[in-house]
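Read through the structure below, which is laid out as structure tokens, and then see the notes.
Indexing begins at 1, ligand by ligand and atom by atom, following the structure's order. The basis for the numbers below is simple: all heavy atoms, side chains too, and nothing from hydrogens, waters or symmetry mates.
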Amino acid sequence: MNVDLSNVLEERVDGGLTRDKVAESGADEVDVPENVARLPERTDAGEIAEAGARLAERFDAFVNIGIGGSSLGGATVVDALAPDAPVYFVDNVDPDALARLLDSVPLRDTVFSVVSKSGRTAETVANYAVVRDALREAGVEPSENTVVTTGEASPLRDADTRATFTFADVPGRYSALSTVGLLPAAFAGVDVESVVRGGEDGAVERDAGVLDDAGRALGATNHLLGEGGVRASVMMPYAERLETFADWYVQIWAESLGKDGTGQTPVRAVGATDQHSLLQLLVDGPGDKLVTFVDPGGSEDGFVVEDEGYLNGVSLDELRSAELDATRASLVRDDVPNVRVELDGVTPEEVGELLYTYEIATVVAGRLAGVNPFDQPGVEWGKRAARGALGDDSCAEEREVVGSVKET
Ligand code: PA5
């Protein structure tokens, strides 16, 4: 993986930064806690691979029940590396969608993996209960078809399941390179050991100077641009397999950095599709955005266009690449800062490194902004409010607020 910051650092765009400014940002002194920085080294990928393979021997489909950080890491890895696998993510409260899913999978031969660090998240607890009922109705003992990944103090630890895994000691959104993010991929046959190795490759740069450490450089760049008025950060991979990575980025960036009246708004986009929608705003709208392109590298499918005119003989890969170059040029022309993250293919190693790098970038951006990138008080308040509204007396204070807002 290579991160090209030249459009930002070589002052190709007005309002860009200098290398010195990034080097002197203090990013090299940010203390990234060991539980996050060393997660790849602490993850026993071999054990996760075995657990996934054992489940795949017995079951034909895998359904992950979790939300936020208990879903997006797994979805990112599966969508990038095994997009056709029978692995599904229930990460919402949507009765129609859940009913459709339960009708479409072979219940007897589906394993439901319940993921919740707290074990108290209403969406997950409720979906799990509905699934248990559906299994019973189908004559299946729920404990036979469920596994749980949860925190040490979670009520889900008492659930009767085939297996209980311990949630890594990091906030959910930093857990992609642990059982949370990797069990679904292991079920799908992804080489999860290589994904973790990719994360470790990112960690090798840990002690390098800011400009040689992709995570720190990205965190510092985003932060400094933010100080200069960049309010939105657009993540734009040029591959549909990486669309979920953009969702993951939106979550980690928003939930970690949106605090104390500060934080950039993360925006999800996909190239080339969004060249025909968002691009107009990016180029000609308020000059307050950073665009990050993720170049997936070449594709194995060698489709070549046979046509008259300039497209004749051009492969779809070449077209995609030209579209990315052209879009970057249009941004530079209008002084919109942009970064290019180049992958050497959408491989397990590259996906692992990409995830790790953006985890570090998030921590660095947060520390430089003076916020805690590991808590999420706004999200927690909302969770408690929902519980209170549904009658949980331990959240009575929040219930009152919900009631008064509802009345207005
Ligand atoms: O990143 C986070 O901390 C959150 O997005 C959580 O992952 C999300 O709220 C789900 O929490 P839990 O795993 O406790 O169910």
Exceeds 12 heavy-atom contacts within 6.0 angstrom, atom CG of Asp344 | no
Could you please provide the protein residues found below 4.0 Å of ligand 1 on a heavy-atom basis, arranged by chain and number?
-> Ile67, Gly68, Gly69, Ser70, Ser116, Lys117, Ser118, Thr121, Gly172, Arg173, Gln251, Glu255, Gln376, Lys383
Under 30°, 30 to 60°, or over 60°: which ring-plane class applies to Phe245 and Trp248, parallel, tilted or perpendicular?
-> parallel
More than 12 foreign heavy atoms under 6.0 Å from CD of Glu323: is that the case here?
-> yes
Report the relative orientation of the aromatic rings in Phe187 and Phe62; use parallel for angles under 30°, tilted for 30 to 60°, perpendicular for over 60°.
-> tilted
Crowded around Glu227 CD? As in, over 12 foreign heavy atoms under 6.0 Å?
-> yes
Asp169 and Asn35: side chain donor to acceptor below 3.5 Å = no
